[in-house]
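None of these values were measured; they are calculated from a predicted model. Position 1 is the first residue of the sequence, and the numbers go up from there. As a basis for the values below, the full set of heavy atoms in this structure was taken, side chains included, without hydrogen atoms, waters or symmetry mates.
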Amino acid sequence: MKLTKVHITNFRSIQDSTEFNIDDATCLVGKNEAGKTALLKALYRLNPINEGDGDFDPTEDYPR
C-alpha cells in the first residue's frame with residue numbers, strides 16, 4: 001500500500017494541515033517552527049519502527 005494523500009489535525013503544532021498529495025518526491029518548505037518536523041513525526045506514527053513510538057501522549061502531542 002502506498003500513501004498518496006495526507007491530512008493531519010490536532011498534532012503538536014498542527015491544528016489542521018488541509019489535505020495534500022504525497023508524490024515520489026515531496027518537499028516541505030517553511031519558516032522555523034512552522035510544523036515541518038511535527039508533520040514528519042505524525043507520518044512516522046502511522047507505521048513506527050519501534051512499537052512504543054506509535055503511542056499518543058496528550059501532554060507532549062496535543063496542540064498547545
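Taking the side chain as every heavy atom from C-beta outward, V6 and L39 never approach each other to under 4.5 Å.
Residues S13 and G35 share a closest heavy-atom pair of OG-CA, 3.5 Å. Of all non-hydrogen atoms in Y44 and D53, the two that sit nearest each other are OH-OD2, 2.8 Å. Nearest heavy-atom pair across F11 and R45 is CE1-NH1, 3.8 Å.
Between the NZ atom in K5 and the CG atom in N21 there is a gap of 5.5 Å [rounded to 0.5 Å]. Atom CG of N50 and atom CG of D55 lie 11.0 Å apart (nearest 0.5 Å). Once rounded to the nearest 0.5 Å, the distance linking CD1 of I8 with CG of N10 reads 11.5 Å.
Around the CG atom of L46, the shell of radius 6.0 Å holds more than 12 heavy atoms that belong to other residues, nucleotides or ligands. Residue N47 qualifies as open at atom CG: its count of foreign heavy atoms under 6.0 Å is 12 or below.
One hydrophobic cluster, built from ILVMFWY side chains closer than 4.5 Å, cannot hold both I49 and L3; they sit in different ones.
Screening residues 22-42 for side chain to side chain donor-acceptor pair (under 3.5 Å), with sequence neighbours left out, gives K2-D24.
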